[in-house]
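Structure, as structure tokens:
This is a predicted model, so every value here is computed, not measured. Residue numbering restarts at 1 for every chain, and letters A, B, ... go by the order of the sequence lines.
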Protein chains: 2
Amino acid sequence: MFSLSEENYLKSIYHLEAIHGKGISTNSIAKKLETKASSVTDMIKKLAEKKVLVYKKYQGVSLTVLGRKEAANIVRKHRLWEVFLVDKLNFSWDEVHDVAEQLEHIKSPKLIDELDVFLGFPKMDPHGDPIPDKEGNFQKIEKRLLSTLEENKTGICVGVNDSSSDFLKYLDKNNISLGKKIKVLSKESFDGSLTILIHSKEITISKKISNNIYIQ
Amino acid sequence: MFSLSEENYLKSIYHLEAIHGKGISTNSIAKKLETKASSVTDMIKKLAEKKVLVYKKYQGVSLTVLGRKEAANIVRKHRLWEVFLVDKLNFSWDEVHDVAEQLEHIKSPKLIDELDVFLGFPKMDPHGDPIPDKEGNFQKIEKRLLSTLEENKTGICVGVNDSSSDFLKYLDKNNISLGKKIKVLSKESFDGSLTILIHSKEITISKKISNNIYIQ
DNA sequence: ATAATTTTTTAGATAAGGCTAAAATTTTTT
DNA sequence: AAAAAATTTTAGCCTTATCTAAAAAATTAT
Ligand SMILES: [Mn+2]
Ligand SMILES: [Mn+2]
Ligand SMILES: [Mn+2]
Ligand SMILES: [Mn+2]
């Protein structure tokens, strides 16, 4: 059994590995968890003893099969709860993340299985992220950042790279949501900002925004 | 904001006050929480500083208005989650308590309000216990222990005094559940055991059992 | 190949929440 | 009213998860 803190470390390392591959540095974990590198060193030693990751001094860490499964299960719980909050309890997509951060630590295999049934075995959470099955597997969907789309090309918004309330509220304000068609009208080479057509309206968004929207 | 531990102390003291009135002893809290009296002393000092209870050395504690409200809210969450688990997720009444012990500590006012809406504002949990409203108020229903019913009298089961899985499974095995009619056929004065008629079947139950069933 | 810089680890502290053992206080018995 | 027993508090220690500051190792720049 893992403590709340241990679970948060596992989840962070899992997410970092998904982006950067094996060998996650102490510092990057510290940044992600908003803690200090020295705290990370202590914790990864403990997690290595629990066989969920491999750690060699000064070399960073990699999850073991066990660790990856454990982490995927926490992500599964997080995303199922997010679906529950949006589909059943009238939460909007910018309100669910913080509550799901708490709910993901509830320990009860039956609870999560039944929740899955109750929700109709959803494959995606409200932000377009895939929900792992009990074994930790999920279908990886084709997607790219809006920032990589060329001028005059069109894509459909299928996900976001940032689930913070601030960012999602910005999207709401500009009528950007999952499933929406987005056409790039022009690209400013100086700062990478885009003028896009969405909902038959022209808006200009910064590079930082287009770097956090996934399209297909 | 209160920690998980603080919340469990508040809830225990709240339940103890409901039975024994003001002035709850250190020892009784320790017993309820399965901890040591010395740990209780430390914690109640902290809770007294936080103004949720009044504490005078060697005199036991009493909840303040604030503390009672805080405790009632935790009970409210616990019982709403129990309803959710039984009504929506196919849990039986003997499976919900431990999970609700975890879920009651999730912090999100919107979550619990919406859950209440989603469940249709239930007034009772699966064990017949009342669900406090946001102010901590609830209707106190008339009920007495089955052990106090005289021979040849009949009552309807409306609650249980013990929500442990073991006890509830015993009741299931003997077809005793909320709403069922129970008639006392005979009472053994030596040990207080009862022979009752339930579901047109005669069974004999010990005093310990009849002391944990509420009827109306 | 050194030197400077950055990253990581270690050492030592702290706070929360728990424990045991001993001391203080209250309650019950004689 | 003492003495005995029970309850409660205090003192000191432990574990978990943090932190800061200093030391060690790795990386980057000169
Ligand atoms: Mn999330
Ligand atoms: Mn999400
Ligand atoms: Mn319960
Ligand atoms: Mn209950």
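Nucleotide C/dT29 is matched to D/dA2 when pairs are restricted to Watson-Crick or G-U wobble geometry with both distances under 3.5 angstrom. Base-pair partner of D/dT16: C/dA15 (Watson-Crick or G-U wobble, both distances under 3.5 Å).
Residue-to-nucleotide proximity on DNA chain D shows that, of B/Gly60 and A/Met43, the 5′-proximal contact is made by B/Gly60.
Within a 6.0 Å sphere centred on CD of B/Glu150, heavy atoms belonging to other residues, nucleotides or ligands number more than 12.
OP1 or OP2 of D/dT9 sits under 4.0 Å from a side-chain N or O of B/Tyr55. The phosphate of D/dA6 has neither OP1 nor OP2 within less than 4.0 Å of any side-chain N or O from B/Asn27. Applying the 4.0 Å criterion to OP1 and OP2 of D/dA24, one finds that A/Lys57 has every side-chain N and O outside that range. At least one side-chain nitrogen or oxygen of B/Lys36 sits closer than 4.0 Å to the OP1 or OP2 atom of C/dT20. Within the 4.0 Å cut-off from OP1 or OP2 of C/dA16, not a single side-chain nitrogen or oxygen of B/Tyr9 is found. At the phosphate of D/dT16, neither OP1 nor OP2 sits under 4.0 Å from any side-chain N or O atom of A/Ser5. The shortest distance between the side-chain N/O atoms of A/Ser38 and the OP1/OP2 oxygens of C/dT8 is not below 4.0 Å.
Ion pairing of A/Glu7 with A/Lys107 is present here, as a side-chain N (NZ or NE/NH1/NH2) and a carboxylate O approach within less than 4.0 Å.
Atom pair B/Glu6:CD and C/dA15:C1' shows a separation of 13 Å (rounding to whole Å applied). Spacing between atom CG of A/Asp42 and atom P of C/dT8 amounts to 15 Å, rounded to whole angstrom units. Across the protein-nucleic acid pair, B/Asn8 atom CG and C/dA16 atom P stand 18 Å apart, rounded to whole Å.
Taking only distance into account, the side chain of A/Ser25 never meets the base of C/dT7 through a donor-acceptor pair shorter than 3.5 Å. In this model, no side-chain donor or acceptor of A/Thr41 finds a partner on the base of C/dT10 within 3.5 Å.
Side-chain contact check for B/Ile209 versus B/Asn174: every heavy-atom pair is 4.5 Å or farther apart. Within the 4.5 Å cutoff, no side-chain heavy atoms of B/Val75 are placed close to those of B/Phe138.
Side-chain proximity of B/Tyr58 to the nucleotides C/dA24, C/dT10, D/dT10 is greatest for C/dA24.
Within the 4.0 angstrom heavy-atom criterion, base atoms lie near A/Ser39.
A cation-pi geometry, defined here as NZ or CZ lying under 6.0 Å from the six-membered ring centre and within 45° of its normal, holds between A/Lys88 and A/Phe118.
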